[in-house]
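Scroll down for the structure; my scribbles are underneath it.
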Amino acid sequence: MHPFESRLLQGLGSDREAKLYLAAVSGGADSVAMLAGLASLREKERFSIHCIHIDHGLRPPEEGALDIQTVQALCLQLNIACTLISIPQGRIAAAAQGGAGIEGAARIYRYRALHRVRRRIGADLILTAHTRDDHLETILMNVLRGSGPGGLGGIAQRRKYLLRPLLGLSRTEVIQYLSERQISYQEDSTNGDPRFFRNRLRARLIPLLDEIYPPWRKTLPVLALTQSLSARFISEETRARLSWELLEGPALGIKEEDFSRAPAILQEEAIYAGVKTLKALDASLPQKGSRPLPKRSTVRKLRQGRLSGSVFLERREGLLILGSPRLDQGGFSFLIQEPGLHKIEGRVLGPGFTKDLVLRVSPPGEGSPPGSSPGAFYSSLPLVFREHRRGDRILWGGHRRGFSDILGPKERGGFTRIITGENAAGLAVLVGIGRDLRILAAEVPPGERAGPYLVSLSFKAEGKK
């Protein structure tokens with residue numbers, strides 16, 4: 001048996017008892033070598049193979065056609081059934097604008113197709129041809145991105161129906177095997193495109209690391225294993241101590257008392273797990289091109305009540321509420337828990353906003369009353385600013401009224417964004433944002449319902465002209 005095939009068999013591990021593998025083959029060196037190696041092993045190991053090739057529609061049609069020809073010819077030579085899937089040109093690029101990026105959007109479409117075909121043909125596992133080089137690159141990328149322990153663990157060998165049997169093999173070993181067996185493959189022209197982070201890493205950083213510290217190829221996997229074990233422990237501990245309850249929305253709720261008592265790393269992990277759950281629950285997200293999971297730094301800010309994007313975080317009636325605004329509605333949330341200066345960044349408010357919204361929260365008895373300070377109102381704390389939602393009602397003029405009840409059509413056109421402030425008693429303020437900002441409605445000050453804190457809003461930081 002060829003050493004490459006022996007290592008491939010080792011990579012299949014205990015899953016050698018599977019009866020049917022679905023092998024993802026792009027036409028590149030790694031996946032072609034995997035398919036050829038599997039074909040050599042199948043009779044002795046008594047398993048079957050079904051090949052799948054996915055054209056992402058990202059390269060010129062003539063290049064995609066060469067990939068298809070290469071895969072079809074190899075499958076014909078090896079007597080392997082093959083399914084071809086073509087994603088229309090421009091579809092992934094359009095989905096990438098939803099926030100996932102080209103590579104992320106392509107991954108979403110690819111894995112949907114893989115699982116769909118797996119279910120259709122009854123395959124036990126999906127095999128992808130990620131190598132040790134891919135593993136090292138992924139760890140490096142995630143180190144530079146500031147990932148948490150899970151990301152620093154790199155590429156997992158096995159995840160549910162997905163298995164990566166080449167993860168212990170290098171790209172050099174792959175090329176050597178193909179050369180010895182005289183098997184041709186295609187070079188992906190996008191592998192040299194400097195727009196992609198991974199390609200820049202391969203071309204610039206990795207050669208430098210090989211020069212100044214060659215042992216990195218051995219020490220980095222040690223780091224990855226340590227972080228992977230840490231991630232598993234944190235995940236299990238989080239599930240045991242912080243369990244989300246499904247609410248309408250879709251939204252998730254957890255006791256604020258339990259959350260506040262947990263260590264910060266478990267709070268972050270709980271929010272991360274909650275976001276994953278919301279993405280699975282919200283059926284509209286895949287149709288719009290799912291946004292990626294938030295970065296660890298974003299989750300940290302969200303935990304502190306300072307930022308959101310694809311999710312919002314609210315505290316209400318002893319519960320911490322994690323929600324997922326639909327992509328076509330946008331959304332954010334901003335939590336204020338104590339007096340002082342707070343800032344909502346313009347980019348959080350929406351496209352085209354270059355100014356930050358500054359909020360000054362004065363303790364009871366301090367600050368100018370609303371009558372002498374435009375853009376001010378009274379509220380209790382905590383106070384959450386969020387996207388205005390259909391159905392929001394505020395007590396105004398003795399009645400519960402919505403945005404359309406307060407402003408006529410012509411006045412509404414002067415605002416590009418409407419946000420609301422919500423405290424424990426309900427909506428506290430309705431704010432219109434355009435060239436200037438204007439409080440459209442607020443609870444009457446300063447009563448028991450409105451609260452003792454004075455909140456002043458402006459588009460400039462205090463002390464600046």
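Note that the structure is predicted; figures quoted are calculated from it, not measured.
At a threshold of 4.5 Å between non-hydrogen side-chain atoms, the residues Ile52 and Val25 do not count as touching. The shortest distance between side-chain heavy atoms of Arg386 and Thr420 falls below 4.5 Å. Proximity of Glu237 to Glu269: side-chain heavy atoms (C-beta onward) are nowhere separated by under 4.5 Å. When side chains are defined from C-beta on, Leu163 does not count as touching Ile126, because their heavy atoms never get closer than 4.5 Å. For the pair Ser31 and Thr128, the minimum side-chain heavy-atom distance is 4.5 Å or more. For the pair Leu125 and Leu162, the minimum side-chain heavy-atom distance is 4.5 Å or more. Residues Val429 and Phe385 meet the side-chain proximity criterion, which asks for heavy atoms closer than 4.5 Å. Side-chain contact check for Tyr161 versus Arg118: some heavy-atom pair is nearer than 4.5 Å.
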Give the intermediate values and the outcome of side chain to side chain contact (heavy atoms under 4.5 Å, CB included) for residues Leu178 and Tyr185. CA-CA 9 Å; Leu178 292 174; Tyr185 58 90; 3.5 Å; yes
Tyr109 vs His56, test: ring pair (Phe, Tyr, Trp, His ring centres under 6.0 Å). Steps then yes/no. CA-CA 8 Å; Tyr109 274 88; His56 296 82; 8.9 Å; no
Set out, in order, the CA-CA distance, both residues' side-chain angles and the distance that settles side chain to side chain contact (heavy atoms under 4.5 Å, CB included) for Leu9 and Glu45, then state yes or no. CA-CA 9 Å; Leu9 185 61; Glu45 298 299 322; 3.6 Å; yes
Could you check Ser243 against Arg239 for side chain to side chain donor-acceptor pair (under 3.5 Å), going step by step and ending with a plain yes or no? CA-CA 6 Å; Ser243 179; Arg239 283 196 297 270; over 6 Å; no
Going through the distances and angles, do Leu136 and Trp216 end up as a side chain to side chain contact (heavy atoms under 4.5 Å, CB included)? CA-CA 9 Å; Leu136 291 171; Trp216 77 273; 4.0 Å; yes
Using side chain to side chain contact (heavy atoms under 4.5 Å, CB included), reason through Ile234 and Glu268 one step at a time and then give a plain yes or no. CA-CA 10 Å; Ile234 291 169; Glu268 291 179 13; over 6 Å; no
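Here the OG-CZ distance, from Ser40 to Phe4, works out to 9.5 Å after rounding to the nearest 0.5 Å. The distance from the CD1 atom of Ile87 to the CZ atom of Arg112 is 9.5 Å, given to the nearest 0.5 Å. If you take CG on Leu320 and CG on Leu322, they are separated by 7.5 Å, rounding to the nearest 0.5 Å. Here the CG-CD1 distance, from Leu22 to Ile49, works out to 11.0 Å after rounding to the nearest 0.5 Å. Rounded to the nearest 0.5 angstrom, Gln72 CD and Cys82 SG are separated by 6.5 Å. The CZ atom of Arg145 sits 4.0 Å away from the CE atom of Met141 when rounded to the nearest 0.5 Å.
When Arg171, Arg217, Arg132 are each tested for a salt bridge (charged side-chain N to carboxylate O under 4.0 Å, His left out) with Glu137, only one passes: Arg171.
Within the 3.5 Å criterion, the main-chain N or O of Ser86 finds no donor-acceptor partner in the side chain of Asp55. Checked by atom type and distance alone, the side chain of His130 never pairs as donor or acceptor with a backbone atom of Leu167 at under 3.5 Å. Of the possible polar contacts, none joining the Thr131 side chain to the Ser170 backbone as a donor-acceptor pair under 3.5 Å is found. Panel note: side chain Asp124, backbone Leu20; a donor-acceptor pair is recorded below 3.5 Å. Thr70 places a side-chain N or O within 3.5 Å of a backbone atom of Leu66 that can act as its donor or acceptor partner. Between the Glu422 side chain and the Leu383 main chain, no donor and acceptor come within less than 3.5 Å of each other. Between the side chain of Arg158 and the backbone N or O of Lys160, at least one donor-acceptor pair lies under 3.5 Å.
Nearest heavy-atom pair across Gly154 and Ile139 is CA-CG1, 3.7 Å. Residues Asp134 and Arg202 come closest through the heavy atom pair OD1-NH2, 3.6 Å. Considering every non-hydrogen atom in both His342 and Gly340, the closest pair reads CD2-O, 3.3 Å. Closest of all the heavy-atom pairs between His135 and Gly153 is CE1-O, 3.4 Å. Here the shortest heavy-atom pairing between Ala270 and Leu242 reads CB-CD1, 3.8 Å. The two residues Gly151 and Asn142 have their closest heavy-atom pair at O-ND2, 2.7 Å.
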Check: residues 222-233 side-chain donor-acceptor pairs under 3.5 Å, at least two apart:
{"residue": "Thr226", "atom": "OG1", "partner": "Val222", "partner atom": "O", "Å": "3.1"}
{"residue": "Ser230", "atom": "OG", "partner": "Thr226", "partner atom": "O", "Å": "3.0"}

Solution key, residues 258-265 side-chain donor-acceptor pairs under 3.5 Å, sequence neighbours excluded:
{"residue": "Ser260", "atom": "OG", "partner": "Glu256", "partner atom": "O", "Å": "3.1"}
{"residue": "Ser260", "atom": "OG", "partner": "Glu257", "partner atom": "O", "Å": "3.0"}
{"residue": "Arg261", "atom": "NH2", "partner": "Glu257", "partner atom": "OE2", "Å": "2.7"}

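Remark: Arg200 CZ is packed, more than 12 non-hydrogen atoms of other residues, nucleotides or ligands lying under 6.0 Å away. Within a 6.0 Å sphere centred on CD of Glu62, other residues, nucleotides and ligands contribute more than 12 heavy atoms.
Looking at Glu5 and Arg181, a side-chain N of the basic residue comes within less than 4.0 Å of a carboxylate O on the acidic one, giving a salt bridge. For the pair Glu173 and Arg7, the salt-bridge criterion is met [side-chain N within less than 4.0 Å of a carboxylate O]. Using a 4.0 Å cut-off between a side-chain N of Lys or Arg and a carboxylate O of Asp or Glu, Arg164 and Asp30 do not qualify as a salt bridge. By the 4.0 Å N-to-carboxylate-O rule, Lys343 lies close enough to Asp356 to be salt-bridged with it.
Checked against the 6.0 Å centroid criterion, the rings of His2 and Tyr177 qualify as a close aromatic pair.
The closest side-chain donor-acceptor pair between Arg360 and Ser458, if any, does not fall under 3.5 angstrom. No side-chain donor from either of His53 and Ser26 sits under 3.5 Å from a side-chain acceptor of the other.
Ring planes of His115 and Tyr111: tilted class, angle from 30 to 60°.
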